[in-house]
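Since we're looking at a predicted model, the values are computed, not measured. Convention: sequence-line order gives letters A, B, ...; per-chain numbering from 1.
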Amino acid sequence: MKKKTQIGLLVLVTALFAAVPLILDSEKSYYVYFLFMAFTFIALSQSWNLVAGYTGQISLGLHAFFGLGAYVIAIGWGQEIIGFFDPLGMILSGLIPAILAVVVGIPLLSKLRGDYFALGTLGLGEILRLVFIQGGALTGGSAGLMLPSSSYTSMLPYYFIALFLAVFATVVTYLMVQSSLGWALKAVRDDETAAAANGINILKYKVLAFAVGAFMAGLCGSLQAYYLFHIHPQNFFGLNWTLYPILMCVLGGVGSITGPVIGAIFLTAIFELSKILLPEIHPIFSGLLIVLTVIFLPDGIVRLGWFEKFFKGRKTESPINLKLFTGKEK
Amino acid sequence: MANPLLRVSDLNVFYGDAQALWDIGFYVDEGAVYSIIGSNGAGKSTVLRALSGLVRPASGRVEFLGSRVEGKGADVMVDLGISLVPEGRGLFTSLTVLENLELGAFTKRARPKRAKTLEWVNELFPIIEARKDQQAGKMSGGEQQMVAIGRALMSRPKLLMLDEPSLGLAPLIVKTVFEIIRTLNEQKVTILLVEQNIHQALKIADRALVLKTGRTTMTGKGDELLADPEIQKAYMGTLRKGT
Amino acid sequence: MFYLPPIDILIQILINGILFGAMYGIAAIGLSLIFGTMQIIFIAQGAMIVLAAYGTFWLFHFFSMDPYLSIIVIFPVSVIFGLGLYQVLFRRVARAGKFPSLLIAFGLMVLLENLMSVLFTPNPRSVRASYTAYGISALGLKISFTRLMAFIMAILATTGVSLFLKKTLIGKAVRAASENLESATLVGITPHRVNSVTFGIGIGLAGLAGIATATTYSFDPYFGFVFSLKAMIALALGGMGSVVGALMGGVLLGVLESYGSFFLTGGWADVISYAAFMLVLMFRPEGLFVRSSDSEKP
Amino acid sequence: MKENKISIWSGVFFLIMALSLAGFSTVSAKEKKEILIGTHLSMSGGLAMSAREQAWAYELATADVNKKGGIFVKELGKKLPIKLIVVDDESDGGKAAAAVEKLIKLQKVDLILSGHSTPLTIPAMVTSEKYKKYYHGTTCLIPVWAGQKFKWSTMFFINMPTFSHAAYEVINSLPEKVTRLAMLMEDTMDGRGLGGALRGGAEAFGYKLAVDEPWAVGAKDYSSQILKLKANRADGILIFGSPADTVTFIRQMKETDFSVKYFHGYKGTWTSEFKDAMGKDSQYVMMDGFWSETYPYPGAKELGATYTKEFNKQSVSIGAFYATAQILYQAIERAGSLDSAKVRDEVIGGEFKGTVMGDVKYGPEGSAGFQVGTFQWWNGKQQQVYPFFKSSWKTRVMPPWDKR
């Protein structure tokens, strides 16, 4: 399939989703809300996918950037700099996390071992949560900040912005991967020493991917802030904002463009269903699902045998794989 | 002719989407020294990694002592008697020399004979015994290579595979290393050697194989290949009989 | 508001911090071992600790078994549980690298927390023995008995694990595999074997930490996550893959938090410990207690 | 990587998704057979314990109404039973909002009964505000709620002025003088709000706080705080924290031999789990509460008895939750409608007589405050101290640890 067809398909799918509010009443249908959340998770999953799938770095700090993006809106609104659905504010809510990602990313990513990156990003989320709790009047402390919920008019803008974010994140990830930069990132992922020998500035690309991921996560945070109107450190710096996207990515297939999309929609649906069908014990179910998925489907849905055979004609392996046993990572 | 110790046929290896080895085939007789030579990136190490079980071949046969062993894990291969001294030696640098050697005899087959094997290794490498309580990482490159070979011998291998044993060593040490290989061979250890130091590798080898970008370009007796004008031209250039 | 309190209070804070940090230490040693061989932060360690604490609680509740005596049940059961856990959950995916293992650990945490919440109710539980709120007076200082016991357990556990790693062949194999897994398989060490051994010991240590938790705290199913995080910090401070370092990292963290919450408030104490964690990760990733010459691992 | 075929697949996938969504969305309006009341409660997560008491009280209140055949809804001209739909909010604000979305859009509930605690009810109320569904609220601090100027919710919770006085009135009634109070408030929304009220109360009653600081949630060691109280010679403690944290705190007080004359716990000391965890050490400890079965209100005693029969313990909270449901059900009957606006207008400024919390009167702004209760643990029983009505219990001063 040619690039033009691909772009055409993307436009078609986007148009289909854009048409959903024509069929469903956005104020009455739960599915509009469901898709709004699913789109947010697609964007978050792509953000994580970009970092993990293409550079082989496990970030456990998506919630740090998500929460920071939300607080940019909340604080900006409180100080009357940013308004409701303010484009400038939303760009800021992506940029500030991206800047933080660069500042934190340079020292953390310059270490050869990826583990420090995972630990450091997890710590970053916790630090931000605590700092915002201790932030006094500016951050509202542990009570968080409340925005004037009377600004809400309709679910539609949320739906379309979330759709835009999902498409944006997917397109950005796709473009980055297809570009020469993408090849550099893959080289980094597959063999760091070889990439270094070939004169690729590893750090620059890793930090770039990390910052772009943070930008997208921050945008998602700002949208969620506009939706909830109550920005609370415990919620917005909650680990779930990192763990769910990771799970979605892995379930869908890390390091592929469609994986996170499928994973996000599928899991959001599963979690919803389990809550309806198993109200008392659904968190057990979620935990079990994670474990079972990883054991029996570690490469994700997009790399399922039948899926691949049907569409590609042969089986491939997950890109971040077997490193431990071939010793390449050491 | 009796069955060779190791017979490899039609071996294909992939790294992800990229094929690294194409239809490699050769055999190593018991008690022989077999060399695989070729330039950087020709796939020499990959052959050893596939034989040691670190890399799973996509297709092909590996027969060792008459039975098929391809696809088995590295830990199983050691127990069967194939031992690899990896490129860069792969010592446990934070462990002592003695601990490294002890772990060399980790397999079920080698463990009961550990004390006896250790005596043998100490005899081969007197320097090891003198420094047995030192951290392996703190030794010089040459000494580390001795420990690495010693550790591999601790598993009582029937086939010892050496990946670039001379890499990064001073010329004098390189000479010692090859002397050791010769000694080992005299003590009936079959050796599969991968080397960039082509002159030395061919001189010591009974038979050898030349690899180029993952494909076999030539096989033959060591001295024949050494005399081959193409080899001379391609790999030794102006060095002639250097080192 | 800042003032310098009398020296005896400063010493008391120090001792409290050391005793308290030992709890982090026990958890961190387990994390350190698992991290060494499998290269993952076993995020479910906290949930394991709470599970063991429930074990202690139920043994006490139904059989009136003294919590410290219950070590003879809890520790072996935890070790076996750890071995089994590896075989059932991790063995299949260990080959595929650390992504899946990390996720399974996370899924396990969610599963355990909620399973305990459904089975044992989310109500907080605590063991009430004659010594659970008992303080020993010595040299004008007050020392919590249960925390002293936790400290002693931590010291014994560290010594035990160190000896195991230094003296036994399988222990040496664990050290070797932590350092260089490829070389380890080349000498015939089966990765699954060392992985399950480290899991056994790691969860066994979680069992010990669970006993210490049950005697010291009132706990509920969600109590453990902070432990996982703090143990992770202790691990980073002490240097990954070092057993003694993990304990020292835990103690250092405990002391840091104790002084922090005395001179500032509890919330800032946490900020300080996380900040220390980030700084160490960024600028001294080999940890504070590892000489830099030892840290040049491949 | 070959993405092309996958993108075809994803197109198909999306198409199916979109079609199935369209198919599901049309639910035909059926004849009303029951009144659907939705609530979001923390069936899992950190707040699960308190939320379960709330769920129990709601369910009992609903069952009690249904026993009588339900509520007569004038607009529909018949008596309808109530169906209570509980959705788990997992103790998380974002999930609470999602739960309300689901209740409104998927379960199509008529009205919403409150969830538990300020950080969860606020996002939930924001959501019900969006869809103009009436949210009958409780357990959100009234000043915080009032600050939001919600149009579609009301609030029934502790009256802040009486709350800020209660502790000091009790302390003043003690036979011994307690002069150096320390205040440790959990660093959460509720902790901050209640802390502010107690601070105001201290000023009004002429108490100077010897120590006043926020308390980190889930910290594992309090010895430093205790030493700080010791260094500041505190002789009374007001503390707001979770049961687990408070138990650990008191244990550490005992270990370090730090005694005070008065120990007043909020939230953390009122459950029977606290008593079970502390044993004899729970003696003398004070607690707050929303309600008591000793209150002279209709049904209070029976409610307490039902609870004790089922769980073999007492509760000082269920009455408030039971009454919250009672008020809503009365309001529906009075409005004669399930319409959110009509029911809300009935509650705002309305007076509801004969609940287990007595007669409840909502102000024109939509809030009704109830007096906070204060109790003291004595021999495993919660002795009611405050409000002072009908209470014969004389609050006892806590002796030092070595003298008990």
Per-residue contact mode, [X] against chain A (heavy atom under 4.5 angstrom):
X: C:Val88; result: backbone
X: C:Ile233; result: neither
X: C:Ile104; result: both
X: C:Phe90; result: neither

Handout entry: Among the listed options A:Ile106, A:Leu124, A:Leu247, A:Ile133, the residue most often paired with chain C at heavy-atom distances under 4.5 Å
Key = A:Leu124
Completion exercise
Scored by heavy-atom pairs under 4.5 Å with chain C, the best of A:Val131, A:Leu60, A:Leu122, A:Leu289 is A:Leu122
Among [options], residue most engaged with chain A (heavy-atom pairs, under 4.5 Å):
options: C:Leu103, C:Val118, C:Leu89; answer: C:Leu103
options: C:Phe225, C:Phe277, C:Phe283; answer: C:Phe277
options: C:Ala275, C:Gly107, C:Ser273; answer: C:Gly107

Completion exercise
Output for pair (C:Ile203 CD1, C:Gln45 CD), nearest 0.5 Å, gives 5.5 Å
Handout entry: Sidechain N-carboxylate O distance under 4.0 Å for C:Asp270, A:Arg129
Key = no
Taking the six-membered ring for Trp, are [X] and [Y] ring centroids under 6.0 Å apart?
X: A:Phe237; Y: A:Phe66; answer: no
X: C:Trp268; Y: C:Phe263; answer: no
X: C:Phe42; Y: C:Phe35; answer: no
X: A:Phe117; Y: A:Phe210; answer: yes
X: A:Trp241; Y: A:Phe41; answer: yes

